[in-house]
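Shown next, in structure tokens, is the structure this report addresses.
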Amino acid sequence: MARLSLDELTAEWQRYLNRFDELTREQTAALAIRHRQELAGHFYAAMLQHGEAATLLSHDEVKNRLNSSMQKWISMLYSSQQSTEIQTLIAHQHKIGEVHARIDVPVHLVLHGARLLKERLIELIREQLPTQHRPAAASYAAALIDLAMEVMSQAYAASHERRSRAEEGYRLFAVTQNMASEKEKQRAALLNWENQLMFDHAMGLTAEQLPRLRSSEFGLWFRHKGAHGFEGAVETGLILDAMTHIDEVLLPLFALPQTADAQHTPMQLLRDLREQSKGIAHHLGLLFEQNNELESGRDTLTRLLNRKFLSVVLSRQISYARQAGSSFAVLSIDLDHFKRINDTYGHEAGDLVLQQFASMLLNQSRAGDYLFRMGGEEFLVIMVDVNDQNARRAAEKFRRLAAAEVFRLPQEATLHVTASLGLAMFTGHPDYQQLLRRADAALYEAKHSGRNRLIVAAD
């Protein structure tokens with residue numbers, strides 16, 4: 001079925017309003033607005049008791065933000081009568097539907113919440129309105145909520161469809177374009193972890209000090225990129241299981257005192273670790289052989305990711321962080337006075353600066369991090385598995401390195417460039433747009449308070 005335009009939706013909404021007399025509309029609106037606080041409270045109290053909904057909500061979110069938003073939504077729904085008001089109302093339902101899709105709220109939960117709201121509002125109508133007015137008011141109250149859900153669902157479906165296409169494209173792309181190069185790079189990273197482990201053990205480090213595979217360059221890459229790129233393959237699960245076995249079973253055994261138990265001697269543990277590592281390398285090789293067709297999603301100039309997969313990456317990072325109890329950060333970067341470079345030295349020189357800056361970011365970031373060129377001289381880094389202190393340190397390192405870099409231009413000219421940065425830590429909010437807005441606001445503050453500085457967004 002073709003989606004209705006805004007004018008068609010407005011006309012449809014107006015036809016529903018015209019089915020009810022003015023007194024019914026006024027009585028229902030007055031009652032809903034008068035009890036909007038109670039209705040919102042009833043809605044969220046019930047949702048917080050719902051197991052699936054409770055994982056998406058918190059009492060603090062409800063208290064500080066969502067309750068007041070629901071009250072405004074109720075007032076807006078029943079007070080909008082004119083065409084311009086209805087158009088604004090419909091646009092608002094579209095926005096809500098898109099947000100629900102973006103944060104992956106199941107549509108059945110949205111419909112469940114609408115049913116709760118209708119039931120309580122109809123109860124209030126039966127309690128407080130004259131008997132002869134109750135049937136029409138109840139029908140009207142339910143009709144408007146149903147209309148709002150219809151518009152939300154239309155926007156939800158369209159947004160979810162776009163996201164699904166992007167998810168599939170990213171699944172194919174996630175590993176990298178150059179499969180042969182990435183294969184060797186990750187095999188080397190796995191071997192580096194193994195060699196470091198052997199060295200640290202020989203140097204007498206304790207079991208707690210031995211390097212965990214999940215935190216290594218290979219571990220970060222596989223957990224945040226490879227596992228998604230190879231999603232669905234048996235080997236993916238085998239590698240994740242082997243990593244868990246190494247980190248949570250084998251490495252802690254080094255803390256046990258040496259005994260006659262042949263299974264727990266340091267030598268046997270090292271052999272077991274070696275076998276697990278060889279198994280991971282074998283499964284990794286099979287995965288790369290099975291996946292040699294990838295969709296392009298790189299910026300042609302810098303070879304960083306472009307915007308195409310930003311929403312997918314952020315959605316997955318939020319889901320991962322909420323499930324694992326970890327955190328991550330978004331760093332927005334803007335090269336200072338870049339227009340002057342193009343104006344003074346030409347666009348070829350500007351392109352060289354962008355390429356060199358992108359190369360610096362790649363060389364100084366970790367395998368699990370994501371680097372995007374957002375357009376022009378704007379870049380974005382998603383730092384995985386970091387706390388506030390580590391994210392600040394990494395961001396400040398990028399700023400210092402940019403300022404110290406000698407950028408080489410045509411005709412043997414050189415140039416120094418600075419960067420302004422805005423950092424935002426993931427706070428648990430399910431909508432990635434909120435995280436991006438915080439990082440952008442911090443970047444804006446950095447650029448308008450002197451440039452060549454890092455500003456960290458408030459929680």
Side-chain angles (χ1 to χ4, degrees), residues 40 44 48 55-73 95-96 98-100 102-105 224 307 310-311 313-336 361 364-366 368-372 374-403 418-459:
Y44 282 114
L48 286 169
T55 63
L56 299 169
L57 301 170
S58 71
H59 289 279
D60 287 340
E61 281 182 308
V62 170
K63 178 181 178 181
N64 297 329
R65 182 175 55 86
L66 295 177
N67 194 289
S68 61
S69 295
M70 172 61 79
Q71 292 184 46
K72 291 177 183 177
W73 181 81
K95 182 178 179 181
I96 294 172
E98 289 172 351
V99 170
H100 285 167
R102 195 159 61 229
I103 64 178
D104 208 20
V105 175
H224 291 280
R307 287 176 175 269
L310 179 61
S311 61
V313 171
L314 282 171
S315 295
R316 289 189 62 82
Q317 285 304 310
I318 288 175
S319 176
Y320 180 88
R322 290 167 74 96
Q323 291 174 9
S326 61
S327 188
F328 69 98
V330 168
L331 178 66
S332 290
I333 306 173
D334 192 283
L335 298 183
D336 297 327
L361 288 179
Q364 297 298 324
S365 59
R366 300 169 303 160
D369 295 337
Y370 294 86
L371 282 73
F372 293 82
M374 303 298 287
E377 67 275 23
E378 298 180 18
F379 298 83
L380 186 139
V381 182
I382 299 176
M383 303 179 190
V384 302
D385 283 8
V386 291
N387 57 30
D388 179 82
Q389 184 177 3
N390 291 338
R392 287 171 182 257
R393 187 182 301 116
E396 185 60 29
K397 180 183 71 173
F398 287 143
R399 187 198 65 78
R400 291 197 311 270
L401 289 172
T418 61
S420 299
L421 304 90
L423 178 68
M425 294 297 301
F426 173 62
T427 60
H429 196 290
D431 187 357
Y432 64 80
Q433 288 288 2
Q434 190 259 10
L435 182 59
L436 291 174
R437 284 193 293 268
R438 290 173 52 235
D440 285 342
L443 173 61
Y444 180 87
E445 183 180 346
K447 291 192 72 69
H448 289 79
S449 60
R451 292 186 171 84
N452 188 24
R453 62 190 61 202
L454 168 69
I455 296 294
V456 181
D459 292 342

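- For the pair E396 and R399, the salt-bridge criterion is met [side-chain N within less than 4.0 Å of a carboxylate O].
- Using a distance-only test at 3.5 Å, with no hydrogens or angles considered, a donor-acceptor pair links the side chain of R438 to the main chain of M425.
- Residues forming a side-chain hydrogen bond (donor to acceptor under 3.5 Å, both in side chains) with E377 (at least two apart in sequence, or on another chain): none.
- Environment of NZ in K72: sparse, with no more than 12 heavy atoms of neighbouring residues, nucleotides or ligands closer than 6.0 Å.
- Put simply, the side chain of S315 gets close to the backbone of S311: a donor and an acceptor are under 3.5 Å apart.
- Two residues are said to be in side-chain contact when any heavy atoms from C-beta on lie closer than 4.5 Å; F328 and L314 meet this criterion.
- Atom CG in L48 sits 9.0 Å away from atom CG in L66 (nearest 0.5 Å).
- Side-chain polar atoms of S420 and D336 form a donor-acceptor pair below 3.5 angstrom.
- A side-chain contact (heavy atoms from CB on, under 4.5 Å) with Y432 holds for exactly one of L310, I318, V313; it is I318.
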Review point. Would D440 and M374 satisfy side-chain contact (heavy atoms from CB on, under 4.5 Å), going step by step from the backbone distance to the final call?
Key: CA-CA 12 Å; D440 285 342; M374 303 298 287; over 6 Å; no

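- Rounded to the nearest 0.5 Å, atoms CZ (R400) and OG1 (T418) are 15.0 Å apart.
- Taking CG of L361 as the reference point, atom CD1 of I333 lies at 5.0 Å (rounded to 0.5 Å).
- Contact of the V381 side chain with the Q364 side chain is not registered, since no non-hydrogen atoms from C-beta on lie closer than 4.5 Å.
- Distance alone, capped at 3.5 Å, places no donor-acceptor pair between the D334 side chain and the L421 backbone.
- For R392 (side chain) and N390 (main-chain N/O), no donor-acceptor pair under 3.5 Å exists by modelled atom type.
- Between A442 and G422, the shortest heavy-atom distance links the atoms CB-CA, 3.7 Å.
- For the atom pair I382 CD1 and D369 CG, the distance stands at 9.0 Å (nearest 0.5 Å).
- Among residues two or more places apart in sequence or in another chain, the ring-ring contact (aromatic ring centres under 6.0 Å, His included) test is passed with Y320 by H224.
- Put simply, CG on L331 and CE on M383 are 4.5 Å apart, with the number rounded to the nearest 0.5 Å.
- Residues Y44 and M70 have side chains in contact (heavy-atom distance under 4.5 Å, counting atoms from C-beta outward).
- Two residues are said to be in side-chain contact when any heavy atoms from C-beta on lie closer than 4.5 Å; P430 and R322 meet this criterion.
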Check your understanding: Would Y444 and I455 satisfy side-chain contact (heavy atoms from CB on, under 4.5 Å), going step by step from the backbone distance to the final call?
Key -> CA-CA 9 Å; Y444 180 87; I455 296 294; over 6 Å; no

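- Under the 4.5 Å side-chain criterion, counting only non-hydrogen atoms from C-beta, V384 is in contact with Y370.
- Rounding to the nearest 0.5 Å gives a distance of 6.5 Å between CG of L443 and NZ of K447.
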Exercise for review: Tell me, with the steps shown, if Q433 and V99 meet side-chain contact (heavy atoms from CB on, under 4.5 Å).
Suggested key: CA-CA 9 Å; Q433 288 288 2; V99 170; over 6 Å; no

